[in-house]
Amino acid sequence: MTPPLFKDFERIVFFTGAGLSVESGIPTYRGKGGVWAEYDYEQYACQRAFDANPTKVWDFHDKRREKVASSAPNDGHRIIAAVQAEKPSTAVITQNIDGLHARSGAKDVVELHGSLWRVRCDACGIVRPDETVPMTPRKHDCGAYLRPDIVWFEDSLDPRNLRRAHELLESADLLVSIGTSGVVYPAADLPRIAVRAGAVSVEINLEDTPVSHLFQHRLRGTASDMLARMQGKSVH
Ligand code: APR
């Protein structure tokens, strides 16, 4: 069956997860070879762990910075940026912290879970870009440790990002969810907003997820292949 084609829609929303960056060589979080299979997120990705041992948490995030810095956007990222260039009201809402959407040329990306490439000092209330690898200096001028501007477990999402995501999803005519396992909330609930608003909905993943039932079209294959199909290209 022919999947929905981008040419037939105007207000497209891409909702992306770690599966989109796999073809750039960046591991997912769950499943075989996932980050959380190797690292206990309670020791590396929550405020309690950071308060207890900021060096250990920074060493872990520096490894992730090194990996992403030596990676590049893949065809999946490029197709999304190309659709947006052609149809400027196209939006990108991502759970990814790798910054590869922006590096592929996508604009106004809503980074629900923050970014590897920003740091903040909660004592002083400052947030700033930082692309040093490894991240240096690890302490702010005030003497407090800087922390990655990432939404860790038990952290809340930035309400401005959630509000923006809601607005975009409510007015979408096509929702394309790509490479997310649909198990982390509140992000996993967001596609429902577009589905309820009557958007045509597509889930791209290698396998079924706990939220697959929400979607009218379930394209099973790699992100770049299935996105190419939605461009009307045939993939083998
Ligand atoms: N193409 C499409 N989908 C893929 C590909 C691929 N090449 N490779 C893997 N996938 C799918 C997997 O089948 C899985 O469903 O991508 C999904 C990745 O799931 P997760 O690792 O759980 O990543 P994600 O859903 O983005 O995680 C959500 O959890 O750990 C937190 O904050 C972190 O943002 C992250 C959130």
Side-chain angles (χ1 to χ4, degrees), residues 3 14-47 49-50 57 60-61 63-65 67-68 71-80 92-101 104 109-118 147-158 161-162 165 175-192 201-215 217-231 235:
F14 292 100
F15 178 71
T16 68
L20 176 65
S21 295
V22 163
E23 295 156 77
S24 296
I26 299 170
T28 58
Y29 293 95
R30 293 167 189 83
K32 201 163 156 296
V35 174
W36 303 141
E38 193 182 342
Y39 294 91
D40 174 359
Y41 66 79
E42 294 202 13
Q43 293 193 34
Y44 294 99
C46 65
Q47 186 66 44
F50 187 69
V57 171
F60 165 73
H61 286 85
K63 279 207 188 83
R64 306 205 62 201
R65 280 189 170 210
K67 181 74 192 162
V68 174
S71 306
N74 60 59
D75 287 347
H77 294 106
R78 283 188 283 274
I79 291 171
I80 291 170
V92 181
I93 302 170
T94 190
Q95 298 169 82
N96 297 346
I97 59 173
D98 54 32
L100 291 183
H101 278 300
S104 69
V109 178
V110 180
E111 295 179 310
L112 292 171
H113 293 163
S115 173
L116 260 178
W117 306 110
R118 280 193 307 272
R147 63 155 277 183
D149 185 32
I150 291 170
V151 177
W152 283 332
F153 290 87
E154 295 153 31
D155 284 352
S156 305
L157 275 62
D158 184 328
N161 288 335
L162 275 177
L175 167 72
V176 189
S177 172
I178 308 159
T180 180
S181 58
V183 297
V184 174
Y185 286 78
D189 229 7
L190 290 174
R192 239 176 250 285
S201 56
V202 177
E203 183 193 48
I204 293 177
N205 200 305
L206 299 176
E207 60 190 21
D208 284 355
T209 70
V211 291
S212 293
H213 62 279
L214 284 178
F215 297 89
H217 304 270
R218 298 159 210 165
L219 306 185
R220 296 291 167 258
T222 66
S224 57
D225 278 355
M226 296 305 109
L227 286 165
R229 282 191 60 201
M230 295 184 74
Q231 282 185 310
V235 290

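Order of appearance sets the numbers: ligands from 1, and atoms from 1 within every ligand. For the single chain, residues carry numbers from 1 onward in sequence order.
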Does any non-hydrogen side-chain atom of [Y] lie less than 4.5 Å from one of [X]?
{"X": "I93", "Y": "T16", "result": "no"}
{"X": "I150", "Y": "H113", "result": "no"}
{"X": "V184", "Y": "Y29", "result": "no"}
{"X": "N96", "Y": "I26", "result": "no"}

Taking [atom] as the reference point, the nearest protein heavy atom with its distance:
{"atom": "atom 32 (O) of ligand 1", "result": "H113 ND1, 3.4 Å"}
{"atom": "atom 23 (O) of ligand 1", "result": "A18 CB, 3.5 Å"}
{"atom": "atom 6 (C) of ligand 1", "result": "G19 O, 3.4 Å"}
{"atom": "atom 28 (C) of ligand 1", "result": "Q95 OE1, 3.3 Å"}
{"atom": "atom 35 (C) of ligand 1", "result": "Y29 CE1, 3.5 Å"}
{"atom": "atom 36 (C) of ligand 1", "result": "V184 CG2, 3.8 Å"}

For atom 12 (C) of ligand 1, which candidate among N205, L206, V22, N96 provides the closest heavy atom?
->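 Shortest heavy-atom distance from atom 12 (C) of ligand 1: N205.
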Taking atom 18 (C) of ligand 1 as the point of reference, which of G179, G33, S224 owns the nearest heavy atom?
->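 Residue with the shortest heavy-atom distance to the ligand atom: G179.
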Report the part of [X] in contact with ligand 1, treating N, CA, C, O as backbone and CB onward as side chain, heavy atoms under 4.0 Å; options are side chain, backbone, both, neither.
{"X": "W152", "value": "neither"}
{"X": "W36", "value": "side chain"}
{"X": "T28", "value": "both"}
{"X": "T180", "value": "both"}
{"X": "E23", "value": "side chain"}
{"X": "R30", "value": "both"}

Go through the side-chain N and O atoms of N74 and S224 and say whether any donor and acceptor fall under 3.5 Å apart.
-> no
What atoms of ligand 1 come within less than 4.0 Å of a heavy atom belonging to G17?
-> 26 (O)
Can you sort out which atoms of ligand 1 are near E207, meaning under 4.0 Å from one of its heavy atoms?
-> 13 (O)
Kindly assign one of parallel, tilted or perpendicular to the pair W36 and F153, based on the angle between their ring planes and the thresholds 30° and 60°.
-> perpendicular
W152 vs H61 aromatic rings, parallel, tilted or perpendicular, using cut-offs 30° and 60°?
->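 W152 and H61: tilted rings.
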Using the test side-chain hydrogen bond (donor to acceptor under 3.5 Å, both in side chains), find all partners of R220 that sit at least two apart in sequence or belong to another chain.
-> E203, D208, S212
Which atom names give the shortest non-hydrogen contact between A223 and L20, and what distance separates them?
->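 Scanning both residues, the minimum pair turns out to be CB-CD1, 3.8 Å.
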Can you name the closest pair of heavy atoms from G182 and V211 and give their distance?
-> O-CG1, 3.9 Å
Is any N or O atom of A223, backbone or side chain, closer than 3.5 Å to an N or O atom of ligand 1?
->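 Checking ligand 1 against A223, an N or O pair does fall under 3.5 Å apart.
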Give yes or no for whether the N/O distance cutoff of 3.5 Å, strictly under, is met between S181 and ligand 1.
->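 Such a contact does occur with ligand 1.
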May I have the step-by-step check of side-chain contact (heavy atoms from CB on, under 4.5 Å) for I79 and M230, ending in yes or no?
-> CA-CA 10 Å; I79 291 171; M230 295 184 74; over 6 Å; no
